[in-house]
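Quick notes on the structure that follows.
In this chain, numbering begins with 1 at the start of the sequence shown. The figures here come from the full heavy-atom set of this structure, side chains too, leaving out hydrogens, waters and symmetry mates.
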Amino acid sequence: MITVLIVDDHPVVREGVRALLAAEPDLEVVGDCGSGADAVAVAGDLAPDVVLMDVRMPDLGGAEATKRIVATTDAKVLMLTTYDNDADVLAAVAAGAVGYLLKDSPRDVLVAGVRATARGETVLSPTVASRLVNRMRRPEPVPLTARELDVLRCVARGLSNPDIGRALFISETTVKSHLVRIFDKLEVSDRTAAVTVAIGRGLLPVT
């Protein structure tokens, strides 16, 4: 019997996945929860074989919850989400997720994915697999300078441009110039995406 913990901040999704898996004789849903923080606590108590983890949740994101669960339990984590962008995928893989499926996956794909995850096999939806392959084929990204990393760390702390300038003893105009170059090198268009991609590349710690 493969035991499963479902983690998603939408109750309807949790109920639907629970009902789907309940029809399989070798799968048992031992619990569900609506936040990453709860998932970390519950996984330690229930010791599931597989954790089905959403990516974006309000209190603790799926990547960080995955990192903590993998570090403290023997559970295998399979991401189940609507998001398939590079940043989310890379962050999840870096955190220790075994697989990454989208919520629009057919039932048989999800069920097979849970079983494969329990065996420790990599499970990827076709679109996610294509993204990873394409990313591997791209040229190596242009590295950030030490000062750009300083600015990015401040961004990750939630500091505004004026606050960053004061913290690093540079002008706000210089901060903006650094951000433009950071966005260009990371191939993103906003601060949140920059931090997420940087985490996925290991430039910033998973928070």
Thr66 side chain vs Gly62 backbone, donor-acceptor pair below 3.5 Å: yes
N-O pairing of Arg166 and Asp163 below 4.0 Å: yes
Whether Thr73 side chain and Val70 backbone form a donor-acceptor pair below 3.5 Å: no
Trace of the side-chain contact (heavy atoms from CB on, under 4.5 Å) decision for Val4 with Arg18: CA-CA 9 Å; Val4 182; Arg18 177 184 280 273; over 6 Å; no
Atom pair NZ/CD of Lys76 and Glu121 - distance to nearest 0.5 Å: 11.0 Å
Distance-minimising heavy-atom pair for Lys103 and Thr82: CD-CG2, 3.7 Å
For Leu101 against Val109, the heavy-atom pair lying closest together: CD1-O, 4.0 Å
Any side-chain donor near an acceptor of the partner, Thr174 and Ser171, under 3.5 Å: yes
Linked, directly or transitively: Leu159 and Val155 (ILVMFWY side chains, under 4.5 Å): yes
Side chain to side chain contact (heavy atoms under 4.5 Å, CB included) against Val93, all qualifying residues, sequence neighbours excluded: Val89
With Pro126 via side chain to side chain contact (heavy atoms under 4.5 Å, CB included) - residues at least two apart: none
Cluster companions of Val98 among Ile, Leu, Val, Met, Phe, Trp, Tyr (side-chain spacing under 4.5 Å): none
Nearest atoms (heavy-atom pairs only) where Ile182 meets Glu148: CD1-O, 3.3 Å
Between CG on residue Leu110 and CG on residue Asp104, distance to nearest 0.5 Å: 11.0 Å
Minimal non-hydrogen separation, Ile199 against Pro205, with atom names: CG1-O, 3.7 Å
Shortest non-hydrogen separation from Leu204 to Ala156 and the atoms involved: CD1-CB, 4.0 Å
Hydrophobic cluster membership, Val13 vs Val29, 4.5 Å side-chain cutoff: yes
Set of residues satisfying side chain to side chain contact (heavy atoms under 4.5 Å, CB included) with respect to Thr122, sequence neighbours excluded: Leu124
side-chain hydrogen bond (donor to acceptor under 3.5 Å, both in side chains) pairs, two or more places apart, involving residues 89-98: none
Asp108, CG atom: more than 12 neighbouring heavy atoms under 6.0 Å: yes
In residues 40-56, what donor-acceptor pairs under 3.5 Å come from side-chain atoms, sequence neighbours left out?
unit_1 : atom_1 : unit_2 : atom_2 : d
Asp49  : OD2    : Thr3   : N      : 2.8
Asp49  : OD2    : Thr3   : OG1    : 3.0
Asp54  : OD1    : Thr81  : OG1    : 3.4
Arg56  : NE     : Asp88  : OD2    : 3.2
Arg56  : NH2    : Asp88  : OD2    : 2.7

Smallest separation among heavy atoms of Asp59 and Ala37, with atom names: OD2-CB, 3.1 Å
NZ/NE/NH1/NH2 to OD/OE distance under 4.0 Å, Arg115 and Glu24: yes
